[in-house]
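Report on the following structure.
Below, chains carry the letters A, B, ... as their sequence lines are ordered, and counting in each starts from 1.
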2 protein chains.
Amino acid sequence: MTLSPSERRREIVNLVMARKTVALDDLAAHLGVSRMTVHRDLDLLEERGLLRKERGGATAESSLLFESNFHYRMQNDLAEKHALARAARALVEPGSVIMIDDSTTTLLLAEELEAIEFVTVITNSLAVCEKLRAHSNVKLVLSGGSYNQNLQAFYGLICEQSIAKLRADWAFLSASSIIGLSLYHQDQEVVRMKRALMAAAERRALLVTHSKFHTRALNHFGELSEFDRIFIDDGLDADSAAKLRQAGIAFELVHGQNTTRTETK
Amino acid sequence: MTLSPSERRREIVNLVMARKTVALDDLAAHLGVSRMTVHRDLDLLEERGLLRKERGGATAESSLLFESNFHYRMQNDLAEKHALARAARALVEPGSVIMIDDSTTTLLLAEELEAIEFVTVITNSLAVCEKLRAHSNVKLVLSGGSYNQNLQAFYGLICEQSIAKLRADWAFLSASSIIGLSLYHQDQEVVRMKRALMAAAERRALLVTHSKFHTRALNHFGELSEFDRIFIDDGLDADSAAKLRQAGIAFELVHGQNTTRTETK
DNA sequence: GTCCATATATCAAATTCCGTGTTATTTTGT
DNA sequence: ACAAAATAACACGGAATTTGATATATGGAC
């Protein structure tokens, strides 16, 4: 089986992530392509901030070990994220004002908005901005701030102050990690931005894949109880689900298994 | 002679602009392509906000009649704008903080920044943002605000307040129109943004093509005397030049004639 | 400094993607 | 209901990208 260029690069990233460092010749042999091609792939991945290229091979960039890179995260659990986005779309009423955070999950919600008559979207995510810029049914408001290439979004004082000056009907957020009833994220400036979004919205919706229940991240940014609606894909293990129910947290299990193409007709 | 796709679309725009409305069949006949191709061109131009597609043809969007559309302006005097950008680049010192406005002229300055060691760029232009996002030598700060699809940039309260909170060494601006010693722009919210940029920068540089001396726009946004450096391409007529000199305005004539490819080796 | 391994540059072949026109089907306005 | 127009689907040809072979340059170990 021969991989497509993007699949091949993904495979390289996986190997680099698992082994932390990997030889160029090993990659060429494992992927069945020439050294030259591997060189070019590594150059590209270095551009994206996923790894550091060095003589004879490559090592993982620290950002990759935290799995915080946008391009990398975008690939994970895609089908589940799509399903969550489709489910959350029902909350968006024509004419309403919504906030969308910098996560790859809520980015997919942006794609769903084409179907809505008219919406105002406030975001700090450049990726969301690019998805919506051509849609004439969407009034787009960007927070601004300092650009973070790794997360494809804007942060800092400018970002937080802009958000603080706005009001929305709903804020749609995701989290990196859920431990107990608390939400975590690895990055402080992201935490500040998320707090600003949560404070500026009338109601809050959380979209998380079940994988978020099995990772850890450094900084606390909120509690499940702060959210009005919570969407989780149905890959959630029974144990975690039971604990949530026991704590009185209402959530919706969304069907979105790893069927690569499950377009609902 | 057969036109390239972009030339063909430009021709459509010119026709729509001149006639205000034009039939699809006329376009197909005049351009020597199939109806299907014209359909696809019109879809694309409608996406860009240049015209409105309607049964049997297309009509000009008002933004086009005011020549305020980004994609349209981007095509005009390209060689001259490139030359202005190259000249202005010399002002940017490594490590400095600069502001770039939403004009198509200063957008080309952004392209030139790759050569600079390290710069912080503050802008309200999404186009500038996209040019620079991948450059690791540029720290990018976006003002945020409400997105204007027609101008590919952000405006409004958020934008102005963000800019007011920042300081820069240089602001690089352009103008739609120069009448006497005054600068004009057709759009009020753009004027506000430009004033904010000018106020937030230590020094100001103006980049204008000679064609700006022969058009008119509604709103006053500044005086030539407010700028520390002024760059004009050498297509400027002797009469206008004399008047500037007489008024004691120092400016630099930049060579950049319509030689389609004058790459300086 | 030399030497060998690795990296970059260049080019031609292979492949993929994009633009186009044809035909078939659906939609729209009268 | 009808005709004109718009859209959808498909296939062809050419442009652009990707790839690996080769040649050249660079870097580190000694």
Side-chain angles (χ1 to χ4, degrees), chain A residues 1-13 15-16 19-61 71 75 114-115 130 134-137 260-261 263-265, chain B residues 1-13 15-16 19-61 71 75 114-115 134 136 260-261 263 265:
Chain A
M1 181 228 180
T2 174
L3 298 125
S4 78
S6 61
E7 288 171 329
R8 190 184 57 230
R9 282 170 207 133
R10 181 113 248 266
E11 185 62 21
I12 291 176
V13 169
L15 283 168
V16 171
R19 308 234 291 259
K20 212 167 171 186
T21 176
V22 63
L24 192 139
D25 285 350
D26 286 0
L27 288 172
H30 180 257
L31 300 165
V33 293
S34 70
R35 276 194 196 86
M36 196 60 237
T37 299
V38 177
H39 269 296
R40 282 186 276 241
D41 282 348
L42 294 180
D43 286 343
L44 195 135
L45 295 169
E46 187 172 44
E47 268 280 293
R48 290 187 183 171
L50 286 162
L51 47 78
R52 217 159 333 116
K53 200 183 171 209
E54 44 189 45
R55 202 170 176 79
T59 50
E61 194 67 70
H71 293 284
Q75 309 289 326
E114 199 157 11
E130 289 183 336
H135 293 191
S136 55
N137 64 321
T260 336
R261 282 277 127 207
E263 298 302 342
T264 46
K265 194 165 40 170
Chain B
M1 180 229 182
T2 173
L3 299 124
S4 78
S6 61
E7 288 171 329
R8 189 183 59 231
R9 282 170 207 134
R10 184 111 247 264
E11 185 63 20
I12 292 176
V13 169
L15 283 168
V16 172
R19 307 232 292 258
K20 213 167 169 185
T21 176
V22 63
L24 192 139
D25 285 349
D26 288 359
L27 288 172
H30 179 258
L31 300 165
V33 293
S34 71
R35 275 194 197 87
M36 196 60 236
T37 299
V38 177
H39 269 296
R40 283 186 274 240
D41 282 348
L42 293 180
D43 286 343
L44 193 128
L45 294 170
E46 185 171 46
E47 269 278 293
R48 292 184 180 173
L50 286 161
L51 48 79
R52 219 161 330 117
K53 201 181 171 208
E54 45 190 45
R55 200 172 175 81
T59 50
E61 195 67 71
H71 292 281
Q75 309 287 326
E114 198 156 11
S136 55
T260 335
R261 280 277 129 207
E263 298 302 342
K265 195 166 42 172

Taking every non-hydrogen atom, the tightest pair across Ala60(B) and Arg52(B): O-NH2, 3.6 Å
Glu47(A) CD: over 12 foreign heavy atoms closer than 6.0 Å: no
Lys20(A) vs Thr59(A) side-chain heavy atoms within contact, under 4.5 Å: no
Arg35(B) vs Asp25(B) side-chain heavy atoms within contact, under 4.5 Å: yes
Arg8(B) CZ - dG21(C) C1' separation (whole Å): 12 Å
Contact residues, residues 25-32 of chain B to DNA chain C [heavy atom, < 4.0 Å]: none
Distance test, side-chain N/O of Lys53(A) to OP1/OP2 of dT6(C), below 4.0 Å: no
Audit row: Leu51(B), Ile12(B), side chain to side chain contact (heavy atoms under 4.5 Å, CB included) steps and yes/no: CA-CA 10 Å; Leu51(B) 48 79; Ile12(B) 292 176; 4.3 Å; yes
Residue list, salt bridge (charged side-chain N to carboxylate O under 4.0 Å, His left out) with Arg10(A), at least two apart or on another chain: none
Pairwise distance CD(Glu54(B)) to CG(Leu24(B)) - rounded to 0.5 angstrom: 11.0 Å
Any N/O pairs under 3.5 Å between the protein and nucleotides 22-30 of chain C? List them or say none.
unit_1	atom_1	unit_2	atom_2	d
dT28(C)	O2	Arg55(B)	NH2	3.2

Asp43(B) CG - dA8(D) C1' separation (whole Å): 12 Å
Between P of dT24(D) and NE2 of His39(A), the distance in whole Å: 18 Å
Length of the CD-P vector between Glu54(A) and dT8(C), whole Å: 13 Å
CG on Leu15(A) to OG1 on Thr21(A), rounded to 0.5 Å: 11.5 Å
Euclidean distance, atom CD of residue Glu46(A) to atom C1' of dT8(C) [Å, nearest integer]: 14 Å
Ignoring hydrogens and angles, write down the donor-acceptor pairs under 3.5 Å from the side chains of residues 38-45 of chain B, residues two or more places apart or on other chains.
unit_1	atom_1	unit_2	atom_2	d
His39(B)	ND1	Lys53(B)	NZ	3.1
Asp41(B)	OD1	Arg8(B)	NH2	3.1
Asp41(B)	OD1	Arg9(B)	NE	2.8
Asp41(B)	OD1	Arg9(B)	NH2	3.4
Asp41(B)	OD2	Arg8(B)	NE	2.6
Asp41(B)	OD2	Arg8(B)	NH2	3.1
Asp43(B)	OD1	Lys53(B)	NZ	3.0

Phosphate-side-chain proximity, Thr37(B) and dT20(C), N/O vs OP1/OP2 below 4.0 Å: no
Validation row: Arg48(A), Val13(A) side chains within 4.5 angstrom (heavy atoms): no
Helix axis bend for the helix from dG1(C)-dC30(D) to dT30(C)-dA1(D) - C1'-based end axes, five pairs, 10° rounding: 60°
Non-neighbouring partners of Glu46(B) that pass salt bridge (charged side-chain N to carboxylate O under 4.0 Å, His left out), sequence neighbours left out: none
